[in-house]
Trainee: 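Just passing along the structure, written as structure tokens.
Computed from a prediction, not measured in an experiment: that's the story for all the values here.
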Amino acid sequence: MTTTASPARTAPAADAAPARRARASARRREGGACAVLMAPFLVLLAVVFLIPVGTAVWLSFFSDDQPGLGFGPERTVFVGLRSYAAVLTDPTFLGGLGLVALFCLVYIPLMVLGALVLALLLDSGVVRLRASAQLALYLPHAVPGIIAAIIWLYLYTPGISPVVELLAKGDIQVDFLGVHTVLPSVVNIALWSNLGYNMVIFYAALQAVPREVIEASVVDGAGWLRTALQVKTPLVRSSTVMVAMFTLIWALQLFTEPMLLSQSTPMINSRFTPSMYIYDAAFTRNNYGLAAAASVIVLLCTIALSYGVTRWTNRSRKEAQG
């Protein structure tokens, strides 16, 4: 006895197959579009980050040695983690890390608070000629870092600096490149160069704050100071975290300012910061393995601190929402 499927049962199955093929085709088109859009980013990521990092990791495991008494031909040999051990036990590298940590403790709070205060002043309308004020504050960031360092080196150097001369007329003797003032001098250059850029980020975030929220706080009797601190500042918290993280990453790579100031003061040596240590190892001592190992260590420190800041921020945000 044979049975045949009824038309009522076969019709839905016949209709479902084209629908599945259409959905699969749509997913393939979406995947292709995503691949095309992501390709430039992935290529750029590989060229400027993944390949250099991979090269640095590879170089860190090798070193150039000479056999015998050093009279033979130089050859590249695998040394494993020897370069990492040399970097982590070098007091000059550890001292540079400590100095950069101190620089971050001073520079990051001043940068974040200063940029936020300037943005709040511009947004509140206290500052007249707002567009001109924005341009004047942002203009130092448009100056290349090496030019900015040269300008401030001129202002710091005794004998040619009009600032030092003016202070001397008032019987105020200040050595901006002394043992206790050289780090604040570097902080000052960094603030002058980057404060306006971060102010623009905060100001753009403040412009996105709903005006009805601010108007409601004014109706409730909040003054401009209370509105700025208790209404506007919490609403730009994500921008605050972003500015703090970018500033931290930049501070860990401190190089240009102390490198140029080292030409005029003995307080800054060739290994003053980790980046200067890497430069000295690679281009003065020709020890590329050591330089690569130090670079990888600085990269790992940057990733760890950035991850810690992100986790702490997310946890604080969840606690505030809960």
Trainee: In the structure I gave you, are the side-chain heavy atoms of M111 and L195 within less than 4.5 Å of one another anywhere?
Mentor: yes
Trainee: What pairs meet the ring pair (Phe, Tyr, Trp, His ring centres under 6.0 Å) rule with one or both residues in residues 286-312, with sequence neighbours excluded?
Mentor: none
Trainee: Look up atom CG in N188 and atom OG1 in T181, then write down how far apart they are to the nearest 0.5 Å.
Mentor: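 N188 atom CG to T181 atom OG1 measures 11.5 Å (nearest 0.5 Å).
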Trainee: Would a distance-only check, ignoring hydrogens and angles, find a side-chain to backbone donor-acceptor pair under 3.5 Å from N194 to A190?
Mentor: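 Looks like yes, one N/O pair under 3.5 Å.
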Trainee: Is there a donor-acceptor contact under 3.5 Å from the side chain of S262 to the main chain of N269?
Mentor: no
Trainee: When you look at OH of Y197, are more than 12 heavy atoms from neighbouring residues, nucleotides or ligands closer to it than 6.0 Å?
Mentor: no
Trainee: Check step by step if side chain to side chain contact (heavy atoms under 4.5 Å, CB included) holds for L116 and V243.
Mentor: CA-CA 10 Å; L116 181 58; V243 168; over 6 Å; no
Trainee: Using side-chain heavy atoms (C-beta onward) and a distance below 4.5 Å, is V112 in contact with F202?
Mentor: yes
Trainee: Using 0.5 Å steps for rounding, measure from the CD1 atom of I201 to the CZ atom of F246.
Mentor: 7.0 Å
Trainee: So, taking the atom named CG in L153 and the one named CD in E257, what distance separates them when rounded to the nearest 0.5 Å?
Mentor: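 Here the rounded value is 11.5 Å.
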Trainee: Measuring from I297:CD1 to L88:CG, what's the distance to the nearest 0.5 Å?
Mentor: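 Those atoms lie 4.0 Å apart.
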Trainee: Compare every heavy atom of M245 with every heavy atom of T310, then report the nearest pair and how far apart it is.
Mentor: OG1-CE, 3.0 Å
Trainee: Rounded to the nearest 0.5 Å, what separates atom CG in L206 from atom CG in L235?
Mentor: 9.0 Å
Trainee: Measure across L122 and Q134 and return the closest heavy-atom pair with its distance rounded to 0.1 Å.
Mentor: CD1-CG, 3.6 Å
Trainee: Do F49 and L299 make a side-chain contact, defined as non-hydrogen atoms from C-beta onward lying under 4.5 Å apart?
Mentor: yes
Trainee: Indicate the atoms forming the closest heavy-atom contact of M199 with L137, along with that distance.
Mentor: CE-CB, 3.5 Å
Trainee: Give me the ring orientation class for F61 and Y84: parallel if the planes are under 30° apart, tilted from 30 to 60°, perpendicular past 60°.
Mentor: tilted
Trainee: So, do H141 and V200 sit near enough that their side-chain heavy atoms are less than 4.5 Å apart?
Mentor: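 They are not in side-chain contact.
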Trainee: State plainly whether one hydrophobic cluster holds both V186 and I249, where clusters connect Ile, Leu, Val, Met, Phe, Trp and Tyr through side-chain heavy atoms under 4.5 angstrom apart.
Mentor: yes
Trainee: Run the salt bridge (charged side-chain N to carboxylate O under 4.0 Å, His left out) test against R285 and tell me which residues pass, sequence neighbours left out.
Mentor: D280
Trainee: According to a 4.5 Å side-chain heavy-atom criterion applied to Ile, Leu, Val, Met, Phe, Trp and Tyr, with indirect links allowed, do L183 and M267 form part of one hydrophobic cluster?
Mentor: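 Yes, L183 and M267 fall within the same hydrophobic cluster.
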Trainee: I'd like to know whether S275 forms a side chain to side chain contact (heavy atoms under 4.5 Å, CB included) with V298, so could you lay out the CA-CA distance, the side-chain angles of the two residues, the decisive distance to 0.1 Å, and finally the verdict.
Mentor: CA-CA 8 Å; S275 294; V298 172; 5.6 Å; no
Trainee: Do side-chain atoms of T265 reach the backbone of L177 as a donor and acceptor pair under 3.5 angstrom?
Mentor: yes
Trainee: Do I189 and L261 pass the side chain to side chain contact (heavy atoms under 4.5 Å, CB included) test, and can you show the C-alpha distance, the side-chain angles, and the key distance before you say yes or no?
Mentor: CA-CA 11 Å; I189 299 174; L261 293 182; 4.0 Å; yes
Trainee: Evaluate whether atom CD1 of I146 has more than 12 neighbouring non-hydrogen atoms of other residues, nucleotides or ligands under 6.0 angstrom away.
Mentor: no
Trainee: Is there a path from V77 to W58 through hydrophobic residues (I, L, V, M, F, W, Y) whose side chains come within less than 4.5 Å of each other?
Mentor: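 Different clusters.
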Trainee: Between I108 and T247, what is the shortest heavy-atom contact and its length?
Mentor: CG1-CG2, 3.9 Å
Trainee: Is there side-chain contact between Y156 and S161, with at least one heavy-atom pair below 4.5 Å?
Mentor: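 No, too far: nothing below the 4.5 Å cut-off.
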Trainee: Could you give the distance from CH2 (W250) to CG (N198), rounded to the nearest 0.5 Å?
Mentor: 10.5 Å
Trainee: Determine the minimum heavy-atom distance between I160 and Y154, stating which atoms define it.
Mentor: O-CE1, 3.4 Å
Trainee: Does CZ belonging to R211 count more than 12 external heavy atoms closer than 6.0 Å?
Mentor: yes
Trainee: Mind checking whether F78 and V57 sit in one hydrophobic cluster, side chains of I, L, V, M, F, W, Y counted as touching below 4.5 Å?
Mentor: yes
Trainee: What I'd like to find out is whether the side chain of F176 reaches to under 4.5 Å of the side chain of T157, using heavy atoms alone.
Mentor: no
Trainee: Please lay out, stage by stage, how L248 and C104 fare under the test side chain to side chain contact (heavy atoms under 4.5 Å, CB included).
Mentor: CA-CA 7 Å; L248 172 64; C104 291; 4.1 Å; yes
Trainee: Specify whether Y107 and F103 have parallel, tilted or perpendicular ring planes, treating 30° as the upper limit for parallel and 60° as the lower limit for perpendicular.
Mentor: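 Y107 and F103: parallel rings.
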Trainee: Would I51 end up clustered with L44 when hydrophobic side chains under 4.5 Å apart are linked, directly or stepwise?
Mentor: no
Trainee: What heavy-atom pair brings A86 and T89 nearest, and what distance separates the two atoms?
Mentor: O-OG1, 3.4 Å
Trainee: Below 30° counts as parallel, above 60° as perpendicular, anything between as tilted: where do the rings of W152 and W192 land?
Mentor: perpendicular
